[in-house]
Amino acid sequence: MTDIHPREILITTIARLLDGVRHVAVGASSPIPAAGAMLLRALKQRAGAPPVRISILGSVEHNFFTNGSVELFDCAGQGRIDAFFLGGGQIDGHGNINLVGIGDYPVSAPRWPGSFGSAYLYFVVPRVILFREEHSPRVFVEKVDFTSAPGISEPGIYRTGGPMALLTGKALFSFDKARPGFTLESLHPGHGLDEVREATGFRFEHADRPPQTELPDRATLDLLRGQVMHELSETYPEFASQMRREIHA
Amino acid sequence: MTDIHPREILITTIARLLDGVRHVAVGASSPIPAAGAMLLRALKQRAGAPPVRISILGSVEHNFFTNGSVELFDCAGQGRIDAFFLGGGQIDGHGNINLVGIGDYPVSAPRWPGSFGSAYLYFVVPRVILFREEHSPRVFVEKVDFTSAPGISEPGIYRTGGPMALLTGKALFSFDKARPGFTLESLHPGHGLDEVREATGFRFEHADRPPQTELPDRATLDLLRGQVMHELSETYPEFASQMRREIHA
Amino acid sequence: MDLQGMARRVEAGMQLALPVDYAGVSMAMTQALIAHGAGDLDLFCVPTGGLQVDQLVGAGLVRSVETSAVSLGEAGGAPRFNQAIAEGCIVVRDATCPAIHAALMAAQKGNPFQPLRGIIGSDILRFRPDWRVIDNPFAEDSDPIVLIPAARPDIAIFHAPMADRHGNVWIGRRRELAAMAYAAQQTLVTVERIVEENLLGNEMSAAGTLPALYVTEVAVAPRGAWPYGLWGEYATDTAEILRYAKAARTAEGFAEYMAAAPAGQLQESGR
Amino acid sequence: MDLQGMARRVEAGMQLALPVDYAGVSMAMTQALIAHGAGDLDLFCVPTGGLQVDQLVGAGLVRSVETSAVSLGEAGGAPRFNQAIAEGCIVVRDATCPAIHAALMAAQKGNPFQPLRGIIGSDILRFRPDWRVIDNPFAEDSDPIVLIPAARPDIAIFHAPMADRHGNVWIGRRRELAAMAYAAQQTLVTVERIVEENLLGNEMSAAGTLPALYVTEVAVAPRGAWPYGLWGEYATDTAEILRYAKAARTAEGFAEYMAAAPAGQLQESGR
């Protein structure tokens with residue numbers, strides 16, 4: 001199975017992390033999370049399980065909302081969104097994320113776009129998956145320069161959601177809010193513990209010999225390369241055709 | 001001009017009280033207030049003055065709202081509704097209104113429908129016209145049994161609206177919130193001061209010889225009997241045809 | 001799904017959100033609810049109630065009514081409701097329309113409360129120990145303001161012109177129906193008809209559509225608002241409401257009317 | 001009404017509410033605002049900003065930006081906005097999307113504030129002294145919750161597919177445009193076209209219509225969102241936004257692009 005594309009492992013891992021959700025929302029320019037959600041939906045469909053609903057923000061086709069851009073947040077506040085994805089220019093070992101910028105706020109350089117809905121959704125969506133392909137010390141820092149949204153909250157703060165896992169181009173971590181901190185769950189094929197330790201600016205727990213991230217089986221891979229890539233290409237045509245080129249290269 | 005119908009005097013008086021408003025809202029089953037608003041609109045139209053907007057609640061034709069039944073209240077809260085009408089099973093000398101019932105609440109007998117939006121609109125609509133055709137001591141009481149909405153508020157309570165006038169089948173009163181209390185402004189033709197005093201359960205100020213309520217001139221009457229009754233008949237067909245029958249009787 | 005099946009979702013002691021008479025009342029569900037018989041219901045009227053509330057009260061299924069008003073409109077007071085109040089056998093939680101909307105909005109937003117101007121000095125507030133008055137923290141001087149707690153009804157029930165095969169429901173500009181569905185745990189909808197096209201498939205129909213995400217079940221009930229009207233579809237049958245108002249003046253008259261009603265309703269539905 | 005006439009309603013120091021890139025940005029008004037030249041503007045992005053914000057900042061008309069984010073989407077960061085922040089020459093009031101919506105909702109309801117969950121522990125809150133945290137008075141134990149004060153922009157500006165001769169504007173399911181209009185003192189709208197029928201005349205189009213009551217002025221501007229797309233009408237011209245992003249990396253490149261832009265836009269409009 002050396003022909004598995006690294007992003008196929010990410011997509012399959014996301015589908016696994018989402019197992020059990022009824023409704024997952026995905027940001028506008030998040031093709032890999034979208035593909036993971038679509039793969040889960042296809043797997044459930046094949047198994048005759050209850051359907052998985054996917055809302056892709058900013059998409060016309062996958063927009064099930066009719067009350068303007070506030071509806072995503074209302075819907076999450078009602079407990080009707082089970083999973084969401086967040087990234088960040090910086091993510092630290094307490095699960096804090098920074099989408100605003102580097103340096104002494106408010107004078108940030110570079111300045112990133114801003115916090116979007118993170119300061120709310122991180123609190124009210126039960127399964128937030130932190131997803132960032134780039135795995136480097138500039139992204140995974142000891143302490144973020146600006147906390148767009150905190151990974152954990154004091155006792156007594158209303159919080160029904162938070163980080164469940166961190167998925168990068170090199171590895172998968174789980175999050176323990178009691179400690180708080182990340183635990184390395186598995187390494188993607190071709191990546192080692194020392195490499196990940198060097199690329200990560202915060203400490204994390206890990207086994208002496210962490211397992212490899214689970215690979216998709218043949219049937220899952222066929223579903224992903226067939227039905228899912230077809231569905232994905234409707235919303236992310238460039239991403240889908242790039243993936244197809246690289247798989248067949 | 002003995003051929004003026006008593007309700008034509010009410011309608012003309014309402015149009016006068018509304019002079020200067022940009023937007024007036026009228027309850028679903030309030031043909032006389034609606035006719036007053038329509039008369040004002042027609043008078044302004046004839047004079048080439050800025051248009052008067054009329055929202056009739058529950059009407060499909062005169063419904064300018066598209067955000068459900070909350071929009072009237074939102075619109076009023078935004079300061080976009082200049083005038084509204086309220087009635088009540090009881091109205092007292094402080095302008096308090098009771099739309100709930102007689103007796104020891106919550107066991108009311110009779111029980112009336114309820115307060116509707118009065119407890120809000122009375123606070124935020126600048127010109128609230130209290131309108132009740134029946135002028136009797138059972139309606140105009142010393143003190144209401146239940147205050148659906150108070151006529152006045154303590155200093156420091158947010159209040160941009162309140163009662164401007166009380167119009168009945170016998171007379172027109174203005175409201176002085178400083179005193180607080182009603183002042184008899186005029187008596188409708190055929191009604192006397194003693195009669196009104198007897199029919200009113202609360203004290204009010206009055207001149208020794210109160211003037212008669214201003215009657216519509218010929219041109220206004222023509223407008224009312226022509227264009228306005230035609231417009232009114234679209235929303236209140238039974239009321240309009242009854243008025244027409246009585247005028248021509 | 002049939003009406004009887006939908007009605008079985010209603011369990012004793014649940015809170016039901018019901019719409020105002022002109023917005024789309026599922027009168028078809030009234031009969032089904034009475035036949036089903038789950039009692040001790042708490043009714044939450046958005047923002048006022050009428051025939052449906054009166055009939056559920058008359059059938060003895062209601063424990064409390066939260067509302068800004070209950071009436072039969074032109075046909076006068078609601079006879080069974082008013083009788084129940086005079087006898088003290090239901091609890092009424094008097095509100096004012098925007099407070100009802102505020103309670104739903106709080107639930108829609110996942111908030112514990114929603115502020116609302118006005119009300120202070122009203123006896124409504126005096127009899128609502130579940131409402132709070134705080135001092136507006138943004139004001140320099142004292143500025144009391146009412147906070148309305150969120151209402152999260154167990155089930156919202158209404159009638160609409162159409163739904164599609166995906167469960168999307170077209171509610172037009174009657175957005176209080178969406179507000180009810182956002183706030184409620186379950187939403188049961190009766191419709192005049194099922195359409196073949198996807199209501200979210202074009203921007204024009206999507207604008208007035210409540211997405212299936214908020215809809216638990218849909219059942220077809222032609223003329224399902226009768227004797228109320230349905231906007232854009234048919235007018236209110238005022239004569240029938242007057243007939244009800246007259247009959248329901250007594251408990252016996254109400255019982256006779258209701259015993260005869262299903263047939264009348266079926267006849268209407270068959271048109 | 002023409003664009004220049006509408007732009008003259010904007011005075012120096014006013015707060016403008018502007019929509020997110022996919023909801024209907026009146027790019028046609030951007031040019032008119034720059035030509036008009038009223039400065040010291042406070043921009044209020046609902047809930048995020050893009051090209052329009054970047055161009056108004058680049059033209060030196062902006063004093064502050066309240067937003068949840070500013071970016072050019074696939075074309076990357078907003079170059080003039082980011083440069084202005086690095087130089088400290090505009091004030092940015094960082095928010096989070098639902099807080100922006102909450103501020104408009106408070107204004108829509110005539111409320112001084114609106115509560116919002118989340119945010120506590122975020123640096124956003126730390127830098128927003130205008131927001132407050134109170135203890136939820138309905139909770140038994142301590143339960144802090146954020147209150148967002150009402151935003152009442154002077155003018156809301158957006159682009160929509162159509163308006164009718166009464167001034168009603170069809171906004172479809174982009175209800176944040178209605179929220180902006182409810183909250184704002186004035187609302188200026190550009191549209192693709194004026195239609196002859198009354199948009200409130202049937203329930204289907206009424207469901208997606210912002211009533212004229214909230215609309216100050218309407219001007220026709222075909223392809224008025226370009227290079228952004230308009231839902232149901234035309235797609236985003238990503239190549240043009242990339243061209244802008246590249247040009248606007250420097251102040252000079254921005255000036256050159258903007259000097260050439262009106263012609264480009266007129267050409268586009270003429271299609």
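The basis for the numbers below is simple: all heavy atoms, side chains too, and nothing from hydrogens, waters or symmetry mates. Naming convention: chains lettered A, B, ... in sequence-line order (proteins, then strands); numbering from 1 in each chain.
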Checklist entry - For the atom pair CG (Asp145(A)) and CG (Asp123(D)), what is the distance rounded to the nearest 0.5 Å? => result 10.0 Å

Item to check | Check ion pair Glu142(A)-Arg203(A) (N to O, under 4.0 angstrom) | outcome: no

Checklist outcome for this item: Ranked by heavy-atom pairs below 4.5 Å to chain D, first place among Pro150(A), Gly161(A), Gly156(A) goes to Pro150(A)

Next on the checklist: Using a strict threshold of under 4.0 Å (side-chain N to carboxylate O), is an ion pair present between Arg80(A) and Glu71(A)?
Outcome noted: no

Checklist outcome for this item: Of Ser148(A), Pro106(A), Ala149(A), Ala109(A), the largest count of non-hydrogen pairs under 4.5 angstrom with chain D goes to Ser148(A)

Checklist entry - Side chain, backbone, both or neither: which part of Ser142(D) has a heavy atom under 4.5 Å from chain A? => result backbone

Next on the checklist: Is Ser29(A) close to chain D through its backbone or its side chain, or both, or neither, when contacts mean heavy atoms under 4.5 Å?
Outcome noted: neither

Checklist entry - Does any heavy atom of chain D fall under 4.5 Å from the side chain of Asn63(A), the backbone, both, or neither of them? => result both

Checklist entry - Taking the inter-plane angle between the rings of Phe204(A) and Phe173(A) on a 0 to 90° scale, is it parallel (under 30°), tilted (30 to 60°) or perpendicular (over 60°)? => result perpendicular

Checklist entry - Is Glu134(A) atom CD crowded by more than 12 heavy atoms from other residues, nucleotides or ligands, each under 6.0 Å away? => result yes

Next on the checklist: Does the plane of the ring in His101(D) sit parallel, tilted or perpendicular to the ring in Phe73(A)? Use 30° and 60° as the thresholds.
Outcome noted: tilted

Checklist entry - Ala178(D) versus chain A, heavy atoms under 4.5 Å apart: side chain, backbone, both or neither? => result neither

Next on the checklist: Tell me the closest heavy-atom pair linking Gly27(A) and Tyr236(A), and the distance in Å.
Outcome noted: O-OH, 3.4 Å

Item to check | Part of Tyr105(A) lying under 4.5 Å from any heavy atom of chain D | outcome: both

Next on the checklist: Using a 4.5 Å heavy-atom cutoff, which residues in residues 71-78 of chain D come close to chain A?
Outcome noted: Ser71(D)

Checklist entry - Got a salt bridge between Arg7(A) and Glu246(A), using NZ or NE/NH1/NH2 to carboxylate O under 4.0 Å? => result no

Checklist outcome for this item: Ranked by heavy-atom pairs below 4.5 Å to chain A, first place among Arg173(D), Met105(D), Gln83(D), Glu87(D) goes to Arg173(D)

Next on the checklist: Please identify, among Asp21(D), Val46(D), Thr48(D), Asn82(D), the residue contributing the most non-hydrogen atom pairs under 4.5 Å to chain A.
Outcome noted: Asn82(D)

Next on the checklist: So which residue, Ala179(D), Gly121(D), Pro98(D), ends up with the most heavy-atom pairs under 4.5 Å with chain A?
Outcome noted: Pro98(D)

Checklist entry - Ion pair present between Asp94(D) and Arg126(D), side-chain N to carboxylate O less than 4.0 angstrom? => result no

Item to check | Among the listed options Leu116(D), Val146(D), Ile100(D), Ile120(D), the residue most often paired with chain A at heavy-atom distances under 4.5 Å | outcome: Ile120(D)

Item to check | Crowding at CG, Asp130(D) (>12 non-hydrogen neighbours, <6.0 Å) | outcome: yes

Checklist entry - Does any heavy atom of chain A fall under 4.5 Å from the side chain of Asp143(D), the backbone, both, or neither of them? => result both

Next on the checklist: Using 30° and 60° as the class boundaries, would you call the ring planes of Trp231(D) and Trp170(D) parallel, tilted or perpendicular?
Outcome noted: tilted

Next on the checklist: If you count heavy-atom pairs within less than 4.5 Å of chain D, which of Val144(A), Ile157(A), Ile97(A), Thr160(A) leads?
Outcome noted: Ile157(A)

Item to check | Val133(D) and Leu125(D): CA distance, side-chain angles, deciding distance, side-chain contact (heavy atoms from CB on, under 4.5 Å) verdict | outcome: CA-CA 9 Å; Val133(D) 179; Leu125(D) 180 61; 3.9 Å; yes

